[in-house]
2 protein chains.
Amino acid sequence: MPRTKQFDEKEVLQKAMELFWEKGFHATSIQDLVSCLSINRASLYDTYGGKEELFNQAFQHYRTTNGAIVRTLFEKENSVKKGLKVLFDKAIQQSVQDECKKGCFVVNTATELIPGDETIHKALMDNTENSQKLFIDYIQKGIDAGEIPSSKNAASVGLMLFTLYNGLQVLAKIETDPDKYRSMVEEGLSILD
Amino acid sequence: MPRTKQFDEKEVLQKAMELFWEKGFHATSIQDLVSCLSINRASLYDTYGGKEELFNQAFQHYRTTNGAIVRTLFEKENSVKKGLKVLFDKAIQQSVQDECKKGCFVVNTATELIPGDETIHKALMDNTENSQKLFIDYIQKGIDAGEIPSSKNAASVGLMLFTLYNGLQVLAKIETDPDKYRSMVEEGLSILD
DNA sequence: TTTTATTTGGAACAATCATTCCAATACAAA
DNA sequence: TTTGTATTGGAATGATTGTTCCAAATAAAA
């Protein structure tokens, strides 16, 4: 009986994610969203609830998408060292290509909305825990396979590389000199030798 | 002849810095500043120009203060390895003590105001260049002193540790487990051996 | 075709935003 | 003490904020 939606819910969420990613939560107004997403105010509120709810959904969407990409990248690569190198190289490549310097949505959100937003803070803690585990398990896999010396501590090495990855996402916003960062990453990854 | 100011200009700038540092640029309103700084709107505009100008001055004040602290810390310490360890330990300690999770004002500003604010972007590029040089020169000093193997590349090692430092400032906003971070830092600094 | 549930366009809302303005104030020089 | 100038308190400004509301439009089921 009812009238059908004139837009694709997922498609619009993707666009909202990109806008929040680029401008952050506070600098993105409902008017910005209405204009950019090409949907009506009422539709936005009816479908997503409001600005904060839409942001949370956009953020969740980023986490899901990005998490899957990294997981796939790690699984696909036989060599753990190679897998990590590809991950970092990809981050550098993205920062060079991305003219508007969006950086990493997770990092941007953490620095903008903590302290203050408890919902986001919890999501970020959950996300960090998962990411760290992903790194650490991957390092452990390299140790088990004999690719990485068994003298290494998977936990501290994994956390170190994860921290380095976050640092790269910050610096990528300020300047993007791929060569500089490539040698920096190489240096960081030499910890696996 | 004229009436004298009823507040200390530097003192108020310090307070403004702390508020912007904690809440970020967009989430801090003029009303917040007027309440927190305990000065009148007119005085704020008359003395500092406006919100954006006040932010720029507060940011500059942070850069100056923080830069001097790190520089002094490095100079005071004879051992370069020890100097770096103290720097990282201090960052960890601060993140534990700081209940409101302000993190690093430079990192917060970079992720919030890039892209968009060209003035801040330039200040951040200048700041990053100086900081990287500070790290690299310090590593080089360690190499020259024979404390760090001369086989090491000061530029890539310095940039690696600077990136790690930035990553730590991001993660410190999300969770603060000092032990976890201490072993992570130790792992990162092992690159100097 | 009629009915009915939902979406849609756009006006309207109150709250808050950064900024301006001005009369009242207060201080240092005359 | 008087004078002149910068500061101060607080109201007022207009723009923008997020959100709500409702009549008009629409499309699937009856």
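None of these values were measured; they are calculated from a predicted model. Chain letters run A, B, ... following the sequence lines, proteins first and then strands; every chain starts at 1.
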Residues which pass side-chain contact (heavy atoms from CB on, under 4.5 Å) with Thr65(A), listed by chain and number, not counting sequence neighbours: His61(A), Ile69(A)

Rounded interatomic separation in angstrom, taking CD from Gln6(A) and P from dA28(D): 12 Å

Cationic N near anionic O, under 4.0 Å, Asp89(A) to Arg182(A): no

Value in whole Å for how far the C1' atom of dT7(D) lies from CG of Asp8(B): 16 Å

Basic-acidic side-chain contact under 4.0 Å: Lys180(A), Glu175(A): yes

Value in whole Å for how far the C1' atom of dA5(C) lies from CG of Asp46(A): 12 Å

Atom-to-atom span, CZ of Phe7(A) to C1' of dG9(C) - whole angstrom: 14 Å

Whole angstrom value for the distance that separates P of dT8(D) from NZ of Lys5(B): 7 Å

CD/Glu129(B): more than 12 non-hydrogen atoms of other groups inside 6.0 Å: no

Result of checking Thr111(B), Asn108(B), Thr109(B) against Thr111(A) for side-chain hydrogen bond (donor to acceptor under 3.5 Å, both in side chains): Thr111(B)

Geometric class of the Phe105(B)/Phe55(B) ring pair [parallel <30°, tilted 30-60°, perpendicular >60°]: perpendicular

Atom pair distance, as rounded to whole Å: CD1 in Ile39(B) and C1' in dG9(D): 12 Å

Short side-chain N/O contact from Ser43(B) to OP1 or OP2 of dT8(D), under 4.0 Å: yes

Under 4.0 Å protein heavy-atom contacts per nucleotide of nucleotides 15-21 of chain D, with B for base, S for backbone only and - for none: --SSBBB

